[in-house]
2 protein chains.
Amino acid sequence: MTKTRNHVTQSERTRRATLRDVAQLSGVSEISVSRVMRNAPSVSDRLRSRVLAAAGELGYTPNRLAGALKTSSTNLVAVIVPSIGNGVFPEVLDGIESVLADAGLRPVLGITQYDRAQEVQVLRDMLAWSPMGVILAGTDHEPAVTRMIDQQGIPVVEFMDIDRSPMQSAVGISNVKAAVAVADLLAKRNYKRPGYIGAWSERPDRSKARRLAFEARLVELGIPLVDREIASVRASAEVGAKTTETLLKRSPDIDAIFFANDDQALGALFYCQRTGRKVPDDIGIIGFNGIEIGSTTPTILASVVTPRFQMGVETAKLMLLAASDPSTRNVIDLGFEIRLGESI
Amino acid sequence: MTKTRNHVTQSERTRRATLRDVAQLSGVSEISVSRVMRNAPSVSDRLRSRVLAAAGELGYTPNRLAGALKTSSTNLVAVIVPSIGNGVFPEVLDGIESVLADAGLRPVLGITQYDRAQEVQVLRDMLAWSPMGVILAGTDHEPAVTRMIDQQGIPVVEFMDIDRSPMQSAVGISNVKAAVAVADLLAKRNYKRPGYIGAWSERPDRSKARRLAFEARLVELGIPLVDREIASVRASAEVGAKTTETLLKRSPDIDAIFFANDDQALGALFYCQRTGRKVPDDIGIIGFNGIEIGSTTPTILASVVTPRFQMGVETAKLMLLAASDPSTRNVIDLGFEIRLGESI
DNA sequence: CTGTTAGCGCATTCAG
DNA sequence: CTGAATGCGCTAACAG
């Protein structure tokens with residue numbers, strides 16, 4: 001009669017309800033409760049309602065650890081990004097989360113601080129939870145990353161740039177194309193002495209790839225780069241002002257600057273305003289990312305506008321697709337748009 | 001001799017290695033492998049190295065689902081915030097993650113879109129994973145939230161404001177004190193006709209509480225609020241410019257505006273600059289949060305600077321403390337600082 | 001220091 | 001449509 005379970009000595013008040021509790025209260029088998037909770041087919045309405053009543057009474061919540069152990073599949077998605085405090089990743093994450101949430105999936109967050117070794121660590125830790133998929137920033141990873149993901153046999157979607165070929169699928173823009181487009185724009189606007197400013201020692205590498213493409217194109221156009229300045233610290237408006245000052249002091253004849261990000265570009269814009277340099281007459285400024293504030297400044301900031309939220313959305317959609325069809329191999333180029341603004 | 005496990009029919013190539021595999025290869029018991037993997041005490045160096053060799057060879061990774069099912073404890077922390085795309089939360093999250101990561105804990109992300117019902121849903125879903133703790137934004141939640149967390153008996157830390165009493169512990173600033181300080185500042189600077197601008201229909205409630213405290217204090221000071229404008233959409237610089245235009249058209253004699261956020265305040269600053277209004281001579285502007293760009297504008301934006309990264313750090317630290325001592329009940333007031341800038 | 005036993009809570013067989 | 005048996009992979013609690 002009574003189930004073989006007499007060690008009910010421990011304080012029952014605090015114990016979480018299980019399938020068995022619901023089964024006993026409603027007088028059905030555990031498996032029937034399981035079926036009801038999962039909305040599995042083949043359950044009579046009568047049984048269903050009895051079970052739901054009992055579950056409600058006990059405040060039963062399925063223990064996903066147990067379910068996942070059995071099925072070895074979870075609704076967790078490992079999302080690994082280099083940073084989160086500022087910059088572009090929060091907006092991408094927002095897009096990712098909005099799609100995942102609608103599909104009943106949960107992002108588990110990992111941050112690498114732009115450190116490839118940390119990416120491996122974080123991924124290893126997350127894979128121990130058997131996530132149903134992995135989302136990574138960039139397409140440049142340690143071999144161990146590829147190996148570990150292959151071994152688990154789960155989908156992976158990489159987002160940001162699509163200049164390298166991804167492990168499976170990727171969503172992003174071509175940084176090379178963007179760099180070329182900016183160089184072409186500078187040429188078209190008759191700038192002759194271009195400069196470049198970056199930050200954070202060009203972490204991640206894709207910003208360096210972008211710069212190299214920019215410089216290469218300038219050479220082709222016959223207006224080679226005059227000078228560049230790469231800050232060692234993270235990008236910010238203040239750093240933008242400082243690097244601009246440094247660069248212009250060293251190479252006063254620079255007539256346009258391409259910035260690796262809008263934070264620095266805005267700092268430069270304000271710096272020029274304070275020091276009486278006319279933008280774009282004395283110096284042209286163009287940034288990267290197209291952050292919102294730049295479109296409201298008295299001199300609207302020129303910038304390469306990247307579709308960050310949408311990038312997250314498409315990334316998550318691709319994850320969903322790959323979940324239902326593991327053979328999915330897509331590369332989605334979302335393209336970019338150049339906001340000309342008034343600073344170039 | 002051979003373990004009772006002869007259904008090794010399924011493709012072995014793809015199966016993930018388990019404790020048993022490592023145990024068999026290294027010729028020890030499963031529990032010994034377990035102890036080695038967890039760095040448990042009482043393991044001889046010889047055994048340890050043998051096990052590690054075998055584990056390495058097999059590429060063994062512990063399955064945390066199984067471990068967690070057994071111990072009913074995880075290294076997951078549910079982190080639930082209203083939004084992530086912009087604003088203050090990414091920076092707080094950054095602080096949270098940095099501390100959690102060092103402690104071997106992983107944030108699982110939930111986003112509520114400022115919807116209390118969604119907060120309940122998301123929390124319920126996350127609790128099914130038996131997180132070791134919960135971190136929530138704000139101190140205003142559905143009763144179900146409190147009930148569910150109490151029932152699980154896990155620590156919860158709330159961050160942002162500390163004007164209400166928290167479920168257990170909280171980290172943040174007093175929005176009331178901040179509002180009073182701004183009102184006092186306006187009085188001291190001899191502004192007589194103050195206005196207020198907010199956005200997003202005052203979601204979350206704490207921004208409304210801040211406004212009400214601001215208005216109440218103004219009455220005490222004898223300079224009651226002249227007019228206010230609350231946008232229904234999310235805050236942005238563009239919205240800041242528009243709401244400012246609306247407000248000033250309706251109440252042209254306003255001589256200072258307190259903004260619910262710096263995005264709108266910056267938009268206002270640029271708007272005034274474009275339309276020839278002198279800041280702060282014609283109109284004073286003060287924002288909220290102290291975002292970095294505001295400190296580099298030609299007219300430096302006055303703002304209430306909130307310690308967002310540190311808020312995340314202290315929140316996570318409190319979570320760690322509560323994990324080791326469940327009786328922890330702390331409220332940490334991080335305070336704020338008013339950056340006077342040049343706009344007020 | 002090392003091993004044996006016995007589940008954690010659920011879902012996949014396979015029978016009725 | 002419903003149920004009984006079995007084990008996912010790991011680890012506490014005990015031996016030895």
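So that the names make sense, note that chain A is the first sequence line, chain B the second, and so on, each numbered from 1.
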- prompt: Can you list the residues that meet the side-chain hydrogen bond (donor to acceptor under 3.5 Å, both in side chains) rule with A/Ser29, with sequence neighbours excluded?
  reply: A/Ser32

message: What is the distance, to the nearest angstrom, from the CG atom on B/Asp45 to the C1' atom on C/dC1?
response: 12 Å

- line: Nearest heavy-atom contact between A/Glu314 and A/Ile332 is OE1-CD1, 4.3 Å

- request: Identify, with sequence neighbours excluded, every residue that meets side chain to side chain contact (heavy atoms under 4.5 Å, CB included) alongside B/Thr74.
  value: A/Leu65, A/Trp129, B/Ala68, B/Leu76, B/Ser130

message: Taking only side-chain N and O atoms of A/Ser44, does any of them lie within less than 4.0 angstrom of OP1 or OP2 on D/dT2?
response: yes

field: Helical bend (five base pairs per end, nearest 10°) for the helix from C/dC1-D/dG16 to C/dG16-D/dC1
entry: 30°

B/Glu119 side chain near B/Tyr114 side chain, heavy-atom distance below 4.5 Å: no

field: d(CG, B/Leu65; C1', C/dG9) in whole Å
entry: 12 Å

field: Where at least one partner belongs to residues 52-65 of chain B, residue pairs that pass side chain to side chain donor-acceptor pair (under 3.5 Å), sequence neighbours excluded
entry: A/Asp125-B/Arg64

- line: Protein heavy-atom contacts under 4.0 Å, written 5' to 3' over nucleotides 10-16 of chain C as B (base), S (sugar-phosphate only) or - (none), form the string BBB----

query: Can you list the residues that meet the salt bridge (charged side-chain N to carboxylate O under 4.0 Å, His left out) rule with A/Glu142, with sequence neighbours excluded?
result: A/Arg116

task: Salt-bridge test for B/Asp140 and B/Arg164: reply yes if a basic N is under 4.0 Å from a carboxylate O, no otherwise.
output: yes

statement: So CD of A/Gln118 and CD of A/Gln121: to nearest 0.5 Å the spacing works out to 8.0 Å

